[in-house]
Amino acid sequence: MLIARLAGEHPDSSQAAILAELRRCLLDGGVPPGTPIPLDEVAMVFGVSAIPVRESLKTLVGEGLVEHRPNLGYTVAKLTVAELREMYLVREVLETAALTAAVRAAAAADDEAVAAAHRAMECAVRDGDALAYHRESRGFHLALVRPCGMRRLLGMFESAWNITEPLQSMTHLTATERATLQRDHDEIVAAFVARDTEALLAAARAHHGRLRSALDSLPSDTGLFA
């Protein structure tokens, strides 16, 4: 599965390019948790030795996207149910801090970016496109926090989000659950544009509570969890 997604022209076979391409494949949802990552086959795709691929995978292990077991090789990392809950809690705490600063610093261009991301999610809900909804949800939340301007905080927020990406959580929810979460987003947008910090944080808090409840309903016997 991973090899098929990597196949194609790769004019840049530097370690940085290999790392970026592997990370892209893991974050776009096309390679489920637990998928083996055959080091030698990946090296063949890029036309390199195993060394730069191994170094790239070590970096992804450090980012929490890949697991390595002696004698078993590399696989796309699997979270336990408890770890998934933990990472969503981390995301909530970081997002709350970023939102508090972002809503005070936001300008008209930020409102437009948030509104565009919100419309993209609405289209995904209308079309019943779970993959698109998951993808656009990330874009929406990043648009909300980006005005905070705190580079390190934003980096930690994206890193925490990345760890949960291979699971593609939104795609495992029901259409009704996604529609409910989208109504939360309606309130979040209204409060953000109004620069109402109290209402924004209250709406975000309620949204994260509903999100946690929805995630708790995910079946743990699908092979997606460790």
Do we see a donor-acceptor contact under 3.5 Å between the side chains of His207 and Glu187?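 There is no such pair (donor and acceptor under 3.5 Å, judged by atom type) between the side chains of His207 and Glu187.
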
Taking atom types as modelled, find out whether Ser213 and Arg210 have a side-chain donor-acceptor pair closer than 3.5 angstrom.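 No donor-acceptor contact under 3.5 Å links the two side chains.
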
Between [X] (side chain only) and [Y] (backbone N and O only), is there a donor and an acceptor less than 3.5 Å apart?
| X | Y | value |
| --- | --- | --- |
| Thr35 | Val31 | no |
| Asp127 | Asp129 | no |
| Glu136 | Tyr133 | no |

Looking at [Y] and [X], is any side-chain nitrogen of the basic one under 4.0 Å from a carboxylate oxygen of the acidic one?
| X | Y | answer |
| --- | --- | --- |
| Glu158 | Arg138 | yes |
| Arg23 | Glu63 | yes |
| Arg146 | Asp110 | no |

Quick check, are the ring centers of His172 and His134 under 6.0 angstrom apart?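 So the answer is no for these two rings.
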
Could Arg195 and Phe192 be counted as a cation-pi pair, given that NZ or CZ must be under 6.0 Å from the ring centre and within 45° of the axis?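 Judged by the rule, Arg195 and Phe192 form a cation-pi pair.
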
Taking the six-membered ring of Tyr88, is the NZ or CZ of Arg85 close enough (under 6.0 Å from the centre) and on axis enough (within 45°)?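 No - Arg85 does not lie over the ring of Tyr88 by the 6.0 Å and 45° rule.
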
For the residue pair Arg126 and Cys123, establish whether any side-chain heavy-atom pair is separated by less than 4.5 Å.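 Yes, close enough: below the 4.5 Å cut-off.
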
Return the orientation label for the His118 and Phe140 ring planes: parallel under 30°, perpendicular over 60°, tilted otherwise.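 Correct class here is tilted.
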
How many angstroms lie between atom SG of Cys148 and atom CG of Leu99, to the nearest 0.5 angstrom?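 That separation rounds to 8.5 Å.
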
